[in-house]
Colleague: 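To start, I am sharing the structure in question, which I have written as structure tokens.
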Amino acid sequence: MSTGTQLLVGMADIKVAKGPATFTCLGLGSCIGLVAFDEQADVWGMVHIMLPEAFKDKPVDKVGKFANTGIPAMIAEMEKLGANPSRMVMALAGGAQVFKFGSAASSRLDVGARNAEATLEILRGMRAKISAQDTGGSSGRTMIVKSDTGVVTVRTVHGGETELCCLRRGRRSVAA
Amino acid sequence: MSHTVTIEQIVSKTSDLPTIPAAALKVMRETQSSSASAASVARIIVTDQALSARVLRLANSAFYGLSRKISDLPEAVVVLGMKSVKNLALVAGTYPWMKRPLTGYCLGPEEMWRHAFGCAAAAQIVARMSRKCSEDLVFTAGLLHDIGKVALSVWLENKMGAILLYAGREEISFDEAERRVLGYDHCQVGFHLATSWNLPEEICSACLYHHTPAQAAEHQSVVDCVHVGDYICSAMGFGLGGDGMLYPFDEGSLTRLGLRPEQIDAITDEFVEKFEEYEALFLEIAA
């Protein structure tokens, strides 16, 4: 069933909503889909992160593109709708990697692992509550969030759609 | 595992095999000839009404920002450049079958197209940064690198799950699993198709070695660019399908191209910026 506004979160997009909405983050390869929720304010946010960090020598065209600019920007947008970062719970998915790098390959090449690590590091720095994560592996993912139930699901081609977590109180589980 | 169908049988028994329009192939060959001119390319284009209309539409599009209308084909070729005309001809000629779903690889409508066009755009950026080979040739090689999947897809239907399980159990890449289960992989099938179309050797090599670039004895720079482009567009989630990122990445490609791992983020960033611009333009003109 569709619930409220349908929000497609494309590459480098940040989408926020207060009230009923369904967020869909399509085609996550090495990218990260991050969802945040403040239940008291009933405000949701989602960002589709492509790369870990903005370039020092290039202006940022879309803040949602990078973990270090996208996460603060998503939170700022949520605050405008009345959310409070200290009350937010979050979940993330994506960060897939290629099957195998050469034995002496540089870790710089593993964009998926670096995206996941950069995202988690920023969230840890904010003391954010991370409810669940589904990162790594070699499959593309689609992340779907339904605000009315609070359920976050992850769909893969072969795994089908599975529930990652529920961000609403009562059913919520908090992981490290 | 047993392999009962040969590549030749796959190609001969697959109905609705992809084709490239004759005019597009002729334009590609002509633009690679040392005697090519705007007039000689225009003479080929004029034989294909749909292609002629597209070339004129592109030359008159806002992208080129000309103040006057162009209605003369040779002039349109001059405005666009022969390489852009060739790319337009190939993209427009392959789009009708590339946009179809490939259920054997779990690719929905447009996903194969986005992966092929994405790989072409990313590989072209890599070629420009490396200065080791023609950006234009690399674009074409990137566009066509996975044509083997189009022929093999129907034979993979209902087998994808088993091949993925096999790859996972044996801890091997998807192309290796294809070879063990079917006797060949999509790269070999693509090479067979490309050679049967008499495509340039560089493009045939890219079809065959895009997952194993170190094995390419010739045209390795083109193969390396396509290998890196394929990785970048897959990492960004373009047309991952069932085989997803179950392929190895050979850092040797970057080394041979004179690029450093630290540059991968910048290439990725430029790719995503350019892809959106190129895709909008080509779909407006070519679709």
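As a basis for the values below, the full set of heavy atoms in this structure was taken, side chains included, without hydrogen atoms, waters or symmetry mates. Chain identifiers are assigned alphabetically (A, B, ...) following the order of the sequence lines, protein sequences preceding nucleic acid strands; residue numbering begins at 1 within each chain.
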Colleague: Under 4.5 Å between any side-chain heavy atoms of A:Cys31 and B:Met236, yes or no?
Modeller: yes
Colleague: Before you tell me yes or no, could you show the steps for B:Phe275 and A:Met11 under side chain to side chain contact (heavy atoms under 4.5 Å, CB included), namely the whole-Å CA-CA distance, both residues' side-chain angles and the distance that decides it to 0.1 Å?
Modeller: CA-CA 12 Å; B:Phe275 180 86; A:Met11 254 192 287; over 6 Å; no
Colleague: Quick one: of A:Gly137, A:Gly29, A:Ala12, who has the most non-hydrogen atom pairs under 4.5 Å with chain B?
Modeller: A:Gly29
Colleague: Using 4.0 Å as the upper bound for N to carboxylate O, is an ion pair formed by A:Lys65 and B:Glu273?
Modeller: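 Here B:Glu273 pairs with A:Lys65 in a salt bridge, since their nearest N and O are under 4.0 Å apart.
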Colleague: The criterion is ring-ring contact (aromatic ring centres under 6.0 Å, His included); which residues satisfy it with B:Tyr278, sequence neighbours excluded?
Modeller: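 B:Tyr278 satisfies ring-ring contact (aromatic ring centres under 6.0 Å, His included) with no other residue.
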Colleague: What part of B:Phe174 lies closer than 4.5 angstrom to a heavy atom of chain A: side chain, backbone, both or neither?
Modeller: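 No part of it gets close to chain A.
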Colleague: With only heavy atoms counted, which part of B:Gln263 is less than 4.5 Å from chain A, the side chain, the backbone, both or neither?
Modeller: neither
Colleague: Could you tell me which of B:Ile232, B:Ile264, B:Thr268 has the largest number of non-hydrogen atom pairs under 4.5 Å with chain A?
Modeller: B:Ile264
Colleague: Can you find a heavy atom in the side chain of A:Arg141 that is under 4.5 Å from one in the side chain of B:Leu240?
Modeller: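 With C-beta onward as the side chain, the pair stays apart.
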Colleague: Do you know which of B:Leu246, B:Leu164, B:Asp265 has the most heavy-atom pairs under 4.5 Å to chain A?
Modeller: B:Asp265
Colleague: Applying a criterion of heavy atom separation less than 4.5 Å, what residues of residues 51-61 of chain A form contacts with chain B?
Modeller: A:Leu51, A:Pro52, A:Phe55, A:Lys58, A:Asp61
Colleague: With a 4.5 angstrom heavy-atom cut-off, which part of B:Ala167 approaches chain A: side chain, backbone, both or neither?
Modeller: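 For B:Ala167, there is no contact with chain A at all, as no heavy atom is under 4.5 Å.
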Colleague: With side chain to side chain contact (heavy atoms under 4.5 Å, CB included) as the criterion, how do B:Tyr105 and A:Val157 come out once you've worked through the C-alpha distance, each side chain's angles and the decisive distance to 0.1 Å?
Modeller: CA-CA 10 Å; B:Tyr105 284 91; A:Val157 166; over 6 Å; no
Colleague: Salt bridge (charged side-chain N to carboxylate O under 4.0 Å, His left out), that's the test. Do B:Glu276 and A:Lys62 meet it? Break it down for me.
Modeller: CA-CA 13 Å; B:Glu276 289 174 355; A:Lys62 291 180 178 174; 3.3 Å; yes
Colleague: Taking the side chain as every heavy atom from C-beta outward, state whether B:Phe249 and A:Gln97 have any atom pair closer than 4.5 Å.
Modeller: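 They are not in contact (no side-chain heavy atoms under 4.5 Å apart), so the answer is no.
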Colleague: Counting only N and O atoms by type, is there a donor-acceptor contact under 3.5 Å from the side chain of B:Tyr231 to the main-chain atoms of A:Leu109?
Modeller: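 Confirmed, B:Tyr231 side chain pairs with A:Leu109 backbone.
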